[in-house]
Novice: 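The structure's right below; bear with me while I get my questions together.
Along the sequence shown, the residues carry numbers beginning at 1. Hydrogens, waters and symmetry mates are skipped; everything else that's a heavy atom, side chains included, is used.
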Amino acid sequence: MVLDSAGIGEMPDAANWGDAGADTLGHIAESRQLHLPNLQRLGLGNIRPLAGIPAVDRPTGSYGKCTLKSNGKDTTTGHWEMAGIILKKAFPTYPNGFPDRLISAFVAETGVPGILGNVPASGTEIIKQLGEEHVRTGKPIVYTSADSVFQIAAHEEIVPVDRLYEMCEIARAILQGEDKVGRVIARPFVGDTAADFKRTENRHDYAVPPPNGNLLPVLKNAGLDVVCIGKIASIYDSMGVTEDLTAKNNDQSIDQTINALNAGSHGLIFTNLVDFDMLYGHRRDTEGYAKALEHFDNRMPEIMSAMRPDDLLIITADHGNDPTKEGSDHTREYVPLLTYGPNAKAGVDLGTRQSLSDIGQTIAENFGCGLEDGVSFLADI
């Protein structure tokens, strides 16, 4: 389970990314008393000192933190690294919008009358700001974020969904070489006025496919289930996915995780809890983030009670997104590592891991497989 963006303190090179002093969980804990009894029992406060979350003498889980070894601090980078892929070069981001050469090519090849936006923005906010102008002019809204993404928003009655998908495919073909963003995303919406514009479930992601040797196809090729929940399948361009369970928010992701556990799958259940990042990190909502952490903690017993004796729960994150820092960008941080299983060892200090790929290697070793990168901690737990 990936608590999207729940970093646990700056990496040694954080200053190079403009992230000196970043500490997502640390600063949220300092903002007020956090009530996370289940995460605390697993060993969250044993990873490092956190205000109001002291270490426990006998954790029910094992604990550590993972280094982000790859060159980046975005969704794709972190998740790919968990699956054993180390990126030497970060996916490109566009904090000032896309250059004219890309926008001109997009307009020319799609035949649209121009575009609106071309800024980093919250998807819900930009359709409120520009949606009515889009409806009047027919110009699609193009925007990006702190992630390596090219997003196109359009009203379904102005630009039919199939046409929007066609635009995204054209953009995907344009965005190559130094402009090869991690994902192109179709963001259709509906509604009559800015006040009631709402994104629909017809979102579609056009991702860069990961290398073949990553954890998901390795497990699938070994005859195992790879059940992906939330945005996981899109991050890996559906490579190696045997089942994709739709979940649009944290609660739905938790529900689907429990459903998958109860369905008796054999292999990997891989879940992303997107709200931490999308709703609270990027929007710099410290209190919202705190409440979301408490809500997840409150639901953890449901997840744990659905586990079988030989199941293992791994809780981690993909990067940081400190809501107390200026701006809206991700932050370059270590990520927490908590493990729990009814028959797994508890109270093991897993230390500072060399990479998030240690998670993937541990899962791979458990099923008799292996990855190119990663140091397994399976024997420790």
Novice: So do the side chains of P336 and L25 get within less than 4.5 Å of each other, counting heavy atoms only?
Specialist: yes
Novice: Under 3.5 Å, is there a donor-acceptor pair between the side chain of E10 and the main chain of G21?
Specialist: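 Yes, because the side chain of E10 sits within donor-acceptor range (under 3.5 Å) of the backbone of G21.
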Novice: Closer than 3.5 angstrom, by distance alone: can the side chain of D225 be matched with the main-chain N or O of V227 as a donor-acceptor pair?
Specialist: no
Novice: Step by step, work out the side chain to side chain contact (heavy atoms under 4.5 Å, CB included) result for S122 and H282.
Specialist: CA-CA 8 Å; S122 156; H282 287 306; over 6 Å; no
Novice: Would you call R283-E125 a salt bridge at under 4.0 Å N-O?
Specialist: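 Result for this pair is no, no salt bridge flagged.
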Novice: Can a side-chain donor-acceptor contact be found between T67 and S355 if the only test is distance below 3.5 angstrom?
Specialist: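 Note: S355 and T67 side chains miss the donor-acceptor criterion.
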Novice: Tell me whether V348 is reachable from Y334 by hopping between hydrophobic residues (I, L, V, M, F, W, Y) whose side-chain heavy atoms are closer than 4.5 Å.
Specialist: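 Y334 and V348: one cluster.
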Novice: Is the closest side-chain heavy-atom distance between Q361 and F377 below 4.5 Å?
Specialist: no
Novice: Can you find a heavy atom in the side chain of V335 that is under 4.5 Å from one in the side chain of L356?
Specialist: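 Yes; the side chains approach each other to less than 4.5 Å.
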Novice: How long is the span from the CG atom in N262 to the CZ atom in R308, to the nearest 0.5 Å?
Specialist: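 Answer rounded to 0.5 Å: 9.5 Å.
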Novice: Can you see which heavy atom on A222 is nearest to which on C369, and at what distance?
Specialist: CB-SG, 3.9 Å
Novice: Drop me the distance from T316's OG1 to L337's CG, to the nearest 0.5 angstrom.
Specialist: 6.0 Å
Novice: Roughly how far apart are T124 OG1 and Q129 CD, rounded to 0.5 Å?
Specialist: 9.5 Å
Novice: Relative to each other, are the rings of H266 and F367 parallel, tilted or perpendicular (30° and 60° limits)?
Specialist: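 The arrangement is perpendicular - the two ring planes meet at more than 60°.
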Novice: Say you draw a straight line from CE of M304 to CD1 of I258; how long is it, rounded to the nearest 0.5 Å?
Specialist: 12.0 Å
Novice: Distance from R353 atom CZ to S376 atom OG, nearest 0.5 Å?
Specialist: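 If we round to the nearest 0.5 Å, R353:CZ and S376:OG are 8.0 Å apart.
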Novice: To check you understand the geometry: which heavy-atom pair defines the closest contact between S70 and I85, and what is its length?
Specialist: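 Result for this residue pair: OG-O, 3.8 Å.
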Novice: Quick one, I115 and K139 - any side-chain contact, counting heavy atoms below 4.5 Å?
Specialist: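 I115 vs K139: side chains apart.
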Novice: Charged N to carboxylate O under 4.0 angstrom, D373 versus K69?
Specialist: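 Here D373 pairs with K69 in a salt bridge, since their nearest N and O are under 4.0 Å apart.
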Novice: What class does the angle between the rings of H204 and Y206 fall in, given that below 30° is parallel, 30 to 60° is tilted and above 60° is perpendicular?
Specialist: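 Aromatic pair H204/Y206 classed perpendicular.
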Novice: Donor-acceptor check, side chain of D179 to backbone of L102, threshold 3.5 angstrom: yes or no?
Specialist: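 It does not hold such a pair.
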Novice: Starting from the C-alpha separation in whole Å, work towards a yes-or-no answer on side chain to side chain contact (heavy atoms under 4.5 Å, CB included) for L3 and F296.
Specialist: CA-CA 9 Å; L3 312 188; F296 170 69; 3.8 Å; yes
Novice: May I ask you to check whether Y289 and H27 place their ring centers less than 6.0 Å from one another?
Specialist: no
Novice: If only atom types and distance count, is the side chain of N249 paired as donor or acceptor with the main-chain N or O of Q252 below 3.5 Å?
Specialist: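 Yes, because the side chain of N249 sits within donor-acceptor range (under 3.5 Å) of the backbone of Q252.
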Novice: For L371 and G213, which heavy atoms make the closest approach, and how far apart are they?
Specialist: CD2-O, 3.6 Å
Novice: Provide the closest heavy-atom pair for L216 versus A83 in the form atom of the first, atom of the second, distance.
Specialist: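 Smallest interatomic distance, heavy atoms only, reads CD1-CB, 4.4 Å.
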Novice: Using a strict cut-off of less than 4.0 Å between a Lys/Arg side-chain nitrogen and an Asp/Glu carboxylate oxygen, indicate whether K325 and D19 qualify as a salt bridge.
Specialist: no
Novice: Go through L87 and N71 one step at a time and tell me if the side chain to side chain contact (heavy atoms under 4.5 Å, CB included) criterion holds.
Specialist: CA-CA 6 Å; L87 292 176; N71 185 15; 5.6 Å; no
Novice: Test your reading of the model: is there a side-chain donor-acceptor pair from N298 to the backbone of E294, 3.5 Å cut-off?
Specialist: no
Novice: Going by an N to O cut-off under 4.0 Å, is there a salt bridge joining R163 and E166?
Specialist: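 Salt bridge: yes.
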Novice: Search all heavy atoms of I86 against all heavy atoms of E81 and return the closest pair with its distance.
Specialist: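 That would be CD1-CG, 3.6 Å.
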Novice: Counting only N and O atoms by type, is there a donor-acceptor contact under 3.5 Å from the side chain of N118 to the main-chain atoms of F98?
Specialist: yes
Novice: Let me confirm one number: the CD1-CZ distance from I126 to R187, rounded to the nearest 0.5 Å.
Specialist: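 Nearest 0.5 Å value for the CD1-CZ distance: 11.5 Å.
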Novice: Can you tell whether the side chains of R299 and D251 come within less than 4.0 Å, N to carboxylate O?
Specialist: yes
Novice: Indicate yes or no: at least one non-hydrogen side-chain atom of L39 is less than 4.5 angstrom from one of L338.
Specialist: yes
Novice: Return yes if some donor-acceptor pair links the side-chain N/O of H330 with the main-chain N/O of G320 below 3.5 Å, else return no.
Specialist: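 Looks like no, no N/O pair under 3.5 Å.
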Novice: Are P188 and E156 close enough that some pair of their side-chain heavy atoms sits under 4.5 Å apart?
Specialist: yes
Novice: Contact between T193 and F197 at the side-chain level, heavy atoms closer than 4.5 Å - yes or no?
Specialist: no
Novice: Under 3.5 Å, sequence neighbours excluded: what are the donor-acceptor pairs made by side chains of residues 46-54?
Specialist:
| residue | atom | partner | partner atom | Å |
| --- | --- | --- | --- | --- |
| N46 | OD1 | V56 | N | 3.1 |
| N46 | ND2 | V56 | O | 3.0 |
| R48 | NH1 | I8 | O | 3.0 |
| R48 | NH1 | D23 | OD1 | 2.8 |
| R48 | NH1 | D23 | OD2 | 3.0 |
| R48 | NH2 | D23 | OD2 | 3.0 |

Novice: Pair E333, T24 - check side-chain hydrogen bond (donor to acceptor under 3.5 Å, both in side chains), show working.
Specialist: CA-CA 8 Å; E333 299 182 49; T24 300; 2.6 Å; yes
Novice: Under 3.5 Å, is there a donor-acceptor pair between the side chain of D74 and the main chain of S148?
Specialist: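 Checked: no pair found.
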Novice: Closest heavy-atom contact between K345 and A379?
Specialist: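 Result for this residue pair: NZ-O, 3.8 Å.
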Novice: With the threshold set at 4.0 Å, does a side-chain nitrogen-carboxylate oxygen contact exist between R183 and D147?
Specialist: yes
Novice: Compare all side-chain heavy atoms of N321 with those of R284 and state whether any distance is below 4.5 angstrom.
Specialist: yes
Novice: Are the side chain of T60 and the backbone N or O of R41 linked by a donor-acceptor pair below 3.5 Å?
Specialist: yes
Novice: Do F150 and F106 have their ring centres less than 6.0 Å from each other?
Specialist: yes
Novice: Tell me whether Y236 contacts the main-chain N or O of H79 through its side chain, where contact means a donor paired with an acceptor under 3.5 Å.
Specialist: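 Yes: the side chain of Y236 pairs with the backbone of H79.
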Novice: Could you go through E287 and S31, starting from their C-alpha distance and side-chain angles, then the distance that decides it, and tell me whether this counts as side-chain hydrogen bond (donor to acceptor under 3.5 Å, both in side chains)?
Specialist: CA-CA 8 Å; E287 178 58 21; S31 71; 5.3 Å; no
Novice: Taking K73 first and then D329, would you say they form a salt bridge - that is, a charged N and a carboxylate O separated by under 4.0 Å?
Specialist: yes
Novice: Does the separation of the ring centres of F276 and Y280 fall below 6.0 angstrom?
Specialist: no
